[in-house]
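One structure is given here, and the rest of the page talks about it.
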Amino acid sequence: MRADRLISLVLLRQRGRMTAAALARELEVSTRTVLRDIEALSAAGVPVYAERGRRGGFALLPDFRTDLTGLNHDEALALLVAGFGRGERVFGLGSALASAMRKVVDALPDRHRAAASDAARRMLIDPETDLFSRRPAAEAVPGTTMVVVRRAVLAGHRLRIHYAAADQAPAWRTVDPIGLVTVRDRAYLLATRSGADRTYRLSRMLAAEELPEPARRPDKVDLDRIWRDRCAQFLSDGAHLTVLVRVDPARREELVGTALAVRAEEPEADGRLRLEVTFQDARHAEWALWQLTTDVEVLAPGSVRTALRERAAAIVARYTQTPA
C-alpha cells in the first residue's frame, strides 16, 4: 500500500542516508516506486533531501521524528521483544509488523531508543531450534490464502474454502468465520458450518474466497473461551488414546511437545514424573514414546507396553545377528 510505504520511509532516520536501490530492496518495491514515493513524501512536508555522488542517497533532516505519544520505555520494549523475528508467523502480517517496529523505535525519545533496541536483542522468544537442535514443526500457509481468510474474519464475511481434511479428498465448503488462533506455530480458523462448530487448520486450505454476504456469527466473541471449549471437545473424542507414563523430568518437555495434551501430572518419590497424556491414536503414542528410550516407562494401557516391548525385541534380535 502506498501510504504504508510512505510511512515506512522513516527508516531513513534510523539508518541515515540510503540509496534508492537500498530503499527498494528494504521495502520490496521497484526503484521507480521509491523515487515516486519520495516525491510524495516531500510534497506532504516531510523533510527528505537527496545528496549526489558515490556516497550519496536520500536522508531526512536530523530533527524529524514521527509521533507516538504515551509510550514508556517498558511498553516499547515489550512491543519490540514480541515483534522482532516473529512477523512471518503473525497471520501474514510480517511486513506490517516490521513497519510498526520501525515506527516504535523511531518514536522513542533519543535517550531510550538505543537502550530499548539493545535490550530487545538480548531477549529471544521461540528460536528456530531448542537445546536439542530440534526445529519447530511450523506449517506453511500460502500468503494469498492467509490474506483472504484474515480479511474475511475481520470484515465479518462468509468464506468459501477448498479444504483437505485428514484422510479425505479436498472439497469446497462455505463457512462462517469466527476468529483466528495460532498455537505452536500452527494457525487455525474457528468457524461454524451450517450452524455446527468447526476448526480448520490453515495449512490444509488449498484456496480461499471471501464472499460478499455477512457471516452468521455473534457481534461479540470470547475467542479464548471458544478455543478452550473446542480443545476440551477435541480431547473428549473417543478416537484418541490416553496413556499413563512415568518419565524423567529432563524429557518432560519433549514428551509434552509430541502429545496432544496432558490430562494429569504429579511427582513421584524417586524424582520422576507421572503423567497422563493423550495421543492421536496407538500408532502416534508408540512413535512418540519410542523416541524417549528408557527415559519413559508406559504404565498403561497394556497394549502400548506390548507394542514397545515387541519393537525393542525386534531391534535386539536384529543386532544380535552377525552381519552377512
Side-chain angles (χ1 to χ4, degrees), residues 82 86 89 123-139 165-167 180-190 197-204 222-319:
R86 295 179 55 85
R89 308 182 199 178
M123 302 179 187
L124 181 61
I125 299 175
D126 289 342
E128 290 190 358
T129 58
D130 62 17
L131 290 176
F132 298 99
S133 298
R134 296 171 305 199
R135 299 180 67 86
E139 296 184 335
D167 302 322
L180 290 164
V181 176
T182 179
V183 180
R184 296 181 184 173
D185 289 328
R186 291 182 179 179
Y188 299 87
L189 169 68
L190 305 187
D197 292 343
R198 293 289 186 268
T199 302
Y200 300 100
R201 278 167 61 170
L202 266 66
S203 61
R204 292 178 177 169
D222 185 346
L223 210 57
D224 186 59
R225 179 189 59 77
I226 293 174
W227 179 251
R228 288 198 308 268
D229 291 345
R230 295 200 180 184
C231 287
Q233 178 63 36
F234 177 75
L235 293 175
S236 65
D237 188 336
H240 299 139
L241 178 67
T242 299
V243 181
L244 182 62
V245 301
R246 183 184 293 121
V247 65
D248 186 322
R251 307 297 296 274
R252 179 194 179 280
E253 294 306 314
E254 189 173 351
L255 170 63
V256 172
T258 56
L260 293 178
V262 177
R263 289 179 171 270
E265 177 177 352
E266 62 181 27
E268 294 199 327
D270 62 359
R272 290 201 159 205
L273 299 173
R274 180 182 291 250
L275 274 74
E276 188 177 335
V277 290
T278 300
F279 294 98
Q280 186 73 42
D281 50 31
R283 183 179 179 183
H284 177 203
E286 181 182 341
W287 171 84
L289 296 167
W290 180 260
Q291 315 305 312
L292 302 178
T293 64
T294 57
D295 290 329
V296 67
E297 179 188 359
V298 175
L299 304 178
S303 58
V304 177
R305 286 182 61 91
T306 299
L308 291 173
R309 183 175 65 248
E310 291 176 349
R311 179 183 283 210
I315 292 291
V316 171
R318 174 60 59 87
Y319 285 97

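You'll find the side chain of L275 reaches within 4.5 Å of the side chain of V256, heavy atoms only. Between V296 and R251 there is no side-chain heavy-atom pair separated by less than 4.5 Å. Side-chain atoms of V181 and I226, non-hydrogen and from C-beta on, never get closer than 4.5 Å to each other. Side chains of L241 and D281 form no contact here, defined as non-hydrogen atoms less than 4.5 Å apart. Residues T242 and R263 have side chains in contact (heavy-atom distance under 4.5 Å, counting atoms from C-beta outward). Residues L180 and L189 are in side-chain contact: their nearest non-hydrogen atoms beyond the backbone lie under 4.5 Å apart. Inter-residue side-chain proximity for E254 and D295 is flagged as unmet; no heavy-atom pair is nearer than 4.5 Å.
Considering all non-hydrogen atoms of both residues, P249 and G271 come closest at CG-O, 3.1 Å. The minimum heavy-atom distance between A259 and V277, with the atom names listed, is CB-CB, 4.1 Å.
Around CZ of R283, the count of heavy atoms belonging to other residues, nucleotides or ligands within 6.0 Å does not exceed 12.
Remark: R246 CZ to R272 CZ distance equals 7.5 Å, nearest 0.5 Å. For the atom pair CD (E297) and CG (L244), the distance works out to 9.5 Å, reported to the nearest 0.5 Å. How far CD of E286 is from CZ of R305: 14.0 Å, rounded to the nearest 0.5 Å.
The backbone N or O of T258 sits less than 3.5 Å from a side-chain atom of H284, completing a donor-acceptor pair.
With respect to E265 and R252, a salt bridge is recorded, a charged nitrogen being found less than 4.0 Å from a carboxylate O.
Between Y188 and W227, the angle of the ring planes lies from 30° to 60°, which puts this pair in the tilted group.
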Stepwise side-chain contact (heavy atoms from CB on, under 4.5 Å) check, F279 with L289: CA-CA 10 Å; F279 294 98; L289 296 167; 4.2 Å; yes
